[in-house]
Amino acid sequence: MSGPFSSDEMQWLHKAISPYIPAPAAMFLGGSRGGFSGQPVSSSDNDVIIMAAHVPQPASLTLQSPVSGNMFDLILRDPDSLAYEIEGARKGGNGTLLHICAHSQVLLDENGMGTKVQRRAQQLHAEGPYALALPSLKAEVAERLIDIKMIEHECDSDVRNMAAQSLTHRFGHLALRAQKHWTANGKVLARDLARHLPEFKAKTEAAGMEFACGNSAPLKAVAQDIIDLHVAGTPAVSLSQTYNLPARPNLAEVYTYSRLSSTALHAYLESDKPSVRAAAQDWVHYYFNLTAGAVDPERLSRPHGEYRYALARYGNMLMDMACLATEVDPQSRRLNQRIHLLKLFGLGVVEAMDAAQEGKPEALHKAANKLLNRIVPQPHERQPRPMPQNYRLPAENLGLI
């Protein structure tokens with residue numbers, strides 16, 4: 001292995017992955033630490049994919065290096081498990097994993113595996129995701145218009161402000177999918193919008209500011225713009241996905257479905273099986289730290305308003321957490337209900353958003369941690385997040401190897 005890490009850090013990394021991959025064959029460093037998505041800040045983590053010819057239990061690890069103190073997100077895969085996730089990304093539109101494969105430093109390339117995977121990943125990333133079904137897009141826009149209608153006469157300026165952030169973020173995501181572009185969350189969403197849809201981005205952000213001040217007409221016009229942006233293609237994929245959740249999930253299924261569905265996460269947090277409940281709590285803790293970490297004052301000067309989009313994602317996550325802390329499925333509540341539920345906790349989350357927008361998120365983080373403690377009473381070290389054993393697709397089907 002080579003690259004930007006010291007020999008001591010590489011020894012630590014090899015020891016950390018050895019229960020899963022004793023002899024790695026390929027290693028990719030993506031994200032800002034890999035030099036492919038802006039300049040890293042002190043809080044940036046290392047996004048690393050490590051592969052071998054066969055990994056009996058694919059998993060993801062989040063660890064802090066005792067050598068440098070930096071965080072590592074380690075994705076441990078073999079070609080078949082990676083192919084499964086790439087195909088899922090092409091259907092769902094989230095291109096984060098594929099981007100790491102395609103645009104990264106190849107730190108290890110035994111027998112040409114790294115080169116082969118990266119070359120094919122670059123081709124797939126350039127093709128973009130599968131198209132989004134127009135009826136699905138229209139249905140989603142209609143839902144957001146209902147949210148606008150339920151909030152447009154809201155007297156509380158803090159509620160309108162938080163709703164404006166959430167809707168701006170959601171509309172940006174929808175516009176990229178409508179145009180058959182890859183999507184992501186938070187700061188990466190800001191970059192993708194600036195690259196592909198700069199005029200739409202500016203119009204939506206201006207409309208969001210108008211909405212926060214009580215004028216909903218511009219944001220309603222943006223909703224129609226999203227429909228007009230739609231690009232057809234086959235096969236068409238729906239935005240709304242339902243999952244056949246296993247009645248007796250193993251830990252790999254808990255981590256997987258908790259990530260895919262807030263309904264599943266809600267059910268697992270209420271499980272009478274301690275291991276299932278603990279895994280769901282661990283996922284909440286991991287996702288909270290991942291999202292909160294991006295709302296760092298050091299990021300305020302980043303281009304394209306990356307900090308603000310990361311803050312909007314944080315706000316959406318906190319709304320979900322307010323639902324989960326009250327044993328409510330987040331998908332069963334509208335935007336205004338979710339924001340008011342946050343206010344009912346009396347923690348000052350919604351009120352702290354104004355200061356956070358100006359680059360002062362300390363009060364927001366403090367309130368958010370109190371909310372987290374209602375779901376995860378005793379924060380603990382993050383656990384390995386296994387992937388279901390049957391989540392595999394022959395890598396030859398995608399030409400990865």
Sequence-distant partners of Asn336, side-chain contact (heavy atoms from CB on, under 4.5 Å), two or more places apart: Met150, Ile151, Arg334
So CZ of Arg313 and CG of Asn185: to nearest 0.5 Å the spacing works out to 4.0 Å
Do [X] and [Y] have side-chain heavy atoms sitting under 4.5 Å apart?
X	Y	answer
Met387	Tyr84	yes
Leu398	Arg90	yes
Lys203	Pro218	no
His181	Asp192	no
Leu98	Trp182	yes
Leu13	Leu74	yes
Gln383	Tyr255	yes
Glu152	Lys220	yes

Candidate pair Ile375 and Phe288, rule side chain to side chain contact (heavy atoms under 4.5 Å, CB included), full reasoning: CA-CA 11 Å; Ile375 305 174; Phe288 173 85; over 6 Å; no
Thinking salt bridges, do [X] and [Y] make one under a 4.0 Å N-O criterion?
X	Y	value
Arg144	Glu140	yes
Asp78	Arg392	yes
Lys201	Glu205	yes
Arg277	Asp272	no
Lys343	Asp156	yes

Backbone of [Y] reached by a side-chain donor or acceptor of [X] within 3.5 Å:
X	Y	answer
Asp282	Ala278	no
His125	Cys101	no
His304	Lys187	no
Thr204	Phe200	yes
Thr326	Cys323	yes
Ser166	Ala163	no

If you apply the rule side chain to side chain contact (heavy atoms under 4.5 Å, CB included), what do you find for Leu97 with Leu82, and how did you get there? CA-CA 9 Å; Leu97 182 71; Leu82 183 64; 3.8 Å; yes
Is a side-chain donor-acceptor pair under 3.5 Å present for [Y] with [X]?
X	Y	result
Thr263	Asp329	yes
Thr96	Asn94	yes
Gln357	Asn161	yes
Glu87	Tyr130	yes
Gln122	Arg119	no
His340	Glu154	yes

Around atom CD of Glu199, are there more than 12 heavy atoms of other residues, nucleotides or ligands at under 6.0 Å? no
Taking atom CG of Asp228 as the centre, report whether more than 12 heavy atoms of other residues, nucleotides or ligands fall under 6.0 Å from it. yes
Least distance between heavy atoms, [X] atom then [Y] atom:
X	Y	value
Leu132	Ser238	CD1-C, 4.1 Å
Glu362	Pro297	OE2-CG, 4.0 Å
Pro4	Leu107	CD-CD2, 3.9 Å
Glu306	Ala190	CA-CB, 3.8 Å
Pro24	Leu108	O-CD2, 3.4 Å

Aromatic plane relationship, Trp283 with Tyr286 - under 30° parallel, 30 to 60° tilted, over 60° perpendicular: tilted
Can you label the angle between the Phe72 ring and the Phe5 ring as parallel, tilted or perpendicular, going by 30° and 60°? tilted
Tell me every residue that passes salt bridge (charged side-chain N to carboxylate O under 4.0 Å, His left out) with Glu110, counting only those two or more places apart in sequence or in another chain. none
